[in-house]
Amino acid sequence: MNADRESNRLPLRAGAMLLFAVAIVCVGLGWHSAATSGKNPEAQLRAAQSGAPTSAAPAPTQSSATNSAKVCVINAGTVNGLATVVDDQLKSKGFTTAGITSESNYSQGGFTENTIVYSTPGQKAQAQKIAQALDNDYSVDSRANMASSFTRCAGGVAVVAVRR
């Protein structure tokens, strides 16, 4: 009679072990996803808490209407140093940029051409002036949820460079 009880408990143990193994795999995939996503949750939190960032940069040579929003250059292509080249071009033409950081590289996809992305209607004129300064090699696009893709450009204009 004792042997019958043990055989009845075996499927229960196997089921529990299977659920435990699935839980371990899910935890492992979660850690892997968090480690390889390239997003910094602390930076996103700081950007959300600070609201519109302020800049103590010197006055640009162009009118203040041209440079009213922060300009961030993002490398979304495969050319190393492309963001730095475009950033230098904009600075030489009088634009104030946020500079180049490790967050200047974007690998999430979605961009196949050079694009200037703005998030509010008031930034459209600035985005068009940036496109003109870059020899109209960039299309201008409005995206209301830009901050979710480019946390360091929240409230600003993103210059997304894919190719030279």
| remark: When rounded to the nearest 0.5 Å, the distance separating OG of Ser92 from CG of Asp87 is 10.0 Å
| query | Out of Val22, Leu29, Ile24, which residue meets the side-chain contact (heavy atoms from CB on, under 4.5 Å) rule with Cys26? | reply | Val22
| Do the side-chain N and O atoms of Thr115 and Asp141 include a donor-acceptor pair separated by under 3.5 angstrom? | no
| Would Val73 end up clustered with Val79 when hydrophobic side chains under 4.5 Å apart are linked, directly or stepwise? | yes
| request: Over all heavy atoms of both residues, which pair between Ala131 and Val140 is shortest? Give the atoms and the distance, please. | output: CB-CG2, 3.9 Å
| said: Counting C-beta onward and ignoring hydrogens, is there a side-chain heavy-atom pair between Thr112 and Val162 closer than 4.5 Å? | reply: no
| Rounded distance (nearest 0.5 Å) linking atom CG of Leu82 with atom CD1 of Ile74 | 11.5 Å
| query | Looking only at heavy atoms, what is the nearest atom pair of Val86 and Ala161, with distance? | reply | CG2-CB, 4.0 Å
| remark: Between the CG atom in Asn80 and the CG atom in Asn75, the distance rounded to the nearest 0.5 Å is 7.5 Å
| query | Which atom names give the shortest non-hydrogen contact between Asp135 and Lys93, and what distance separates them? | reply | OD1-NZ, 4.3 Å
| said: Using every non-hydrogen atom in the two residues, find where Val71 and Gln126 come nearest and quote the distance to one decimal. | reply: CG2-NE2, 3.4 Å
| field | Between CD1 on residue Ile116 and NZ on residue Lys129, distance to nearest 0.5 Å | value | 13.0 Å
| Between Ile100 and Ala83, which heavy-atom pair has the shortest distance, and what is it? | CD1-O, 3.6 Å
| With clusters built from Ile, Leu, Val, Met, Phe, Trp and Tyr whose side-chain heavy atoms come within less than 4.5 Å, directly or transitively, what are the remaining members of the cluster of Met17, listed by chain and number? | none
| note | Rounded to the nearest 0.5 Å, the CD1 atom of Ile130 sits from the OH atom of Tyr118 at a distance of 12.0 Å
| Quick one: are Val159 and Tyr138 in side-chain contact, heavy atoms under 4.5 Å? | yes
